[in-house]
Number of protein chains: 2
Amino acid sequence: MVPRKRADAQRNEKTLLDAAAAAFVASGVNVGVRDIAGRAGVGVGTIYRHFPTRADLVVAVYRHQIEACAEAGPELLAASESAHAALASWIDLFVDFLVTKHGLAGALQSDDATFQTLHGYFLERLLPVCAGLLEAATEAGEISADITALELMRGVGNLCIGADTDKSYDARRLVALLIAGLRVRPS
Amino acid sequence: MVPRKRADAQRNEKTLLDAAAAAFVASGVNVGVRDIAGRAGVGVGTIYRHFPTRADLVVAVYRHQIEACAEAGPELLAASESAHAALASWIDLFVDFLVTKHGLAGALQSDDATFQTLHGYFLERLLPVCAGLLEAATEAGEISADITALELMRGVGNLCIGADTDKSYDARRLVALLIAGLRVRPS
DNA sequence: CCAACATACGGAACGCTGTTCCGTTTACCA
DNA sequence: TGGTAAACGGAACAGCGTTCCGTATGTTGG
């Protein structure tokens, strides 16, 4: 069947994840591979063996947080007063995640082929959650319907770009404005 | 005084601007220098002599359009029914400019040191215009005041990122939502 | 018209990336 | 404990932006 992985390989994978996480915090998700390799005390070849693309490494580092964000969607919908409030809360979670990850928002929207997989993973995991919340809010008549979950997530992701390096730019406020613009006007 | 530039240098500068403009359209503002040099039929050294940084080249190529956008601000304010309408129209102009320039929006927000000058030029030229429109709309009581011109422009610029490569993403619609969110709610 | 001088040009060379590749080492198991 | 396959390290490669200098060319004073 599947032969168990060698012990040193398992160890190195964990070491690499830790090193990459530290490097991402220190220098952003675009940090050089030699930097990560140095932190982990391995050669660059070892990185590519475990994580063939940059996207694989990023996903591996942040998988838990992404999962947590995805699972929070239905929970918020069940616990919130209104669907719109649930949507707003969930977007808050998403924004919090993005702005604390140096350069991640930028990588997500990059048209670089290396990051297509990353973009794909985020969409696959989070888009259905966002779509569910959006649909609930639409059915409740709380927002105008002329936006797709994809556009909403792209817009929010875009607004988070650079929010970590420029303290005079508050992505949360702008995202809040966007969500406010979504809401149906009391006429 | 200032000795006149050599005739061939003048010719090359114009050739380079045309070649760069064509290359930007074809491959985005991050197109390789060798590509631009090839189109212009010059060596790469010639590019750096005329335009020491990438930002200088980009600004030179788009200067006219940026100026036009800047000058349109006061004109729109004078011609529009309301200050809010003028602001919306001006933002439309800005968005139109950005989304039609392959990768320019991304470069504007990039934290790459090469583009700091570019960012600076845009802000220097357009920020006062945006601030004027925003202030007029605020004084007219048409928008809530808790956003700065800088944040608004950054937000709008961010929303334009990637709008040229993904046809399922409509930056204009999202920007419109943002502007709508700015408006004071009829209570 | 023609030196001689300053200016500008071309592209090789450099340093820095990400990525690949292969000789060597290491863990596993019979 | 020896043999085998898996994994490792880092040199080597390719492709970028950038610099530099030997060569070519426009300009100008005699």
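Note that these values count all heavy atoms, side chains included, but never hydrogens, waters or copies made by symmetry. Chain identifiers are assigned alphabetically (A, B, ...) following the order of the sequence lines, protein sequences preceding nucleic acid strands; residue numbering begins at 1 within each chain.
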Taking N or O atoms only and anything under 3.5 Å, show me the protein contacts with nucleotides 18-20 of chain C, one pair per line.
{"unit_1": "C:dG18", "atom_1": "OP2", "unit_2": "A:Val33", "atom_2": "N", "d": "3.3"}
{"unit_1": "C:dG18", "atom_1": "N7", "unit_2": "A:Arg34", "atom_2": "NH1", "d": "2.8"}
{"unit_1": "C:dG18", "atom_1": "O6", "unit_2": "A:Arg34", "atom_2": "NH2", "d": "2.8"}
{"unit_1": "C:dT19", "atom_1": "OP2", "unit_2": "A:Tyr48", "atom_2": "OH", "d": "2.9"}
{"unit_1": "C:dT19", "atom_1": "O4", "unit_2": "A:Arg34", "atom_2": "NH2", "d": "3.4"}

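- For the OP1/OP2 pair of D:dA7 and a distance below 4.0 Å, the side-chain nitrogens and oxygens of A:Asn12 include no atom meeting the criterion.
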Using atom names, set out every protein N or O paired with an N or O of nucleotides 23-26 of chain C below 3.5 Å, distance rounded to 0.1 Å.
{"unit_1": "C:dT26", "atom_1": "O2", "unit_2": "A:Arg6", "atom_2": "NH1", "d": "3.0"}
{"unit_1": "C:dT26", "atom_1": "O2", "unit_2": "A:Arg6", "atom_2": "NH2", "d": "3.2"}

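- Between the CZ atom of B:Arg11 and the C1' atom of C:dC9 there is a distance of 12 Å, rounded to whole Å.
- For B:Lys14, the side chain to side chain donor-acceptor pair (under 3.5 Å) test picks out B:Asp18, with sequence neighbours left out.
- Partners of B:Tyr121 under the ring-ring contact (aromatic ring centres under 6.0 Å, His included) rule, at least two apart in sequence or in another chain, do not exist in this structure.
- B:Asp56 has its CG atom 16 Å from the P atom of D:dG17, to the nearest Å.
- Summarising the geometry, the separation between CZ on B:Arg49 and C1' on D:dG22 is reported as 13 Å, rounded to the nearest angstrom.
- Closest to the side chain of B:Thr46, out of C:dA27, C:dC9, D:dT27, is C:dC9.
- Between B:His50 and C:dA8 there is no side-chain N or O to OP1 or OP2 distance below 4.0 Å.
- Here D:dC20 presents its C1' atom at 16 Å from CD1 of B:Ile47, a figure rounded to the nearest Å.
- Considering only residues two or more places apart in sequence or on other chains, B:Phe94 meets the ring-ring contact (aromatic ring centres under 6.0 Å, His included) condition with B:Trp90.
- The nearest whole Å value for the distance from the NZ atom in A:Lys5 to the P atom in D:dA7 is 7 Å.
- In this structure, B:Asp112 places its CG atom 16 Å from P of D:dC16, rounding to the nearest Å.
- One interatomic measurement links the two molecules: CZ of A:Arg4 to P of C:dC28, which rounds to 7 Å at whole-angstrom precision.
- Across all strands, A:Gly38 comes closer than 4.0 Å to no nucleic acid atom at all (heavy-atom distances).
- Straight-line distance from the CG atom of B:Leu16 to the P atom of C:dA8: 13 Å, rounded to whole Å.
- Here the straight-line distance linking atom CG of A:Asn12 with atom NE2 of A:His50 works out to 5.0 Å at 0.5 Å rounding.
- In terms of the ring-ring contact (aromatic ring centres under 6.0 Å, His included) criterion, B:Tyr48 has no residue partners (sequence neighbours excluded).
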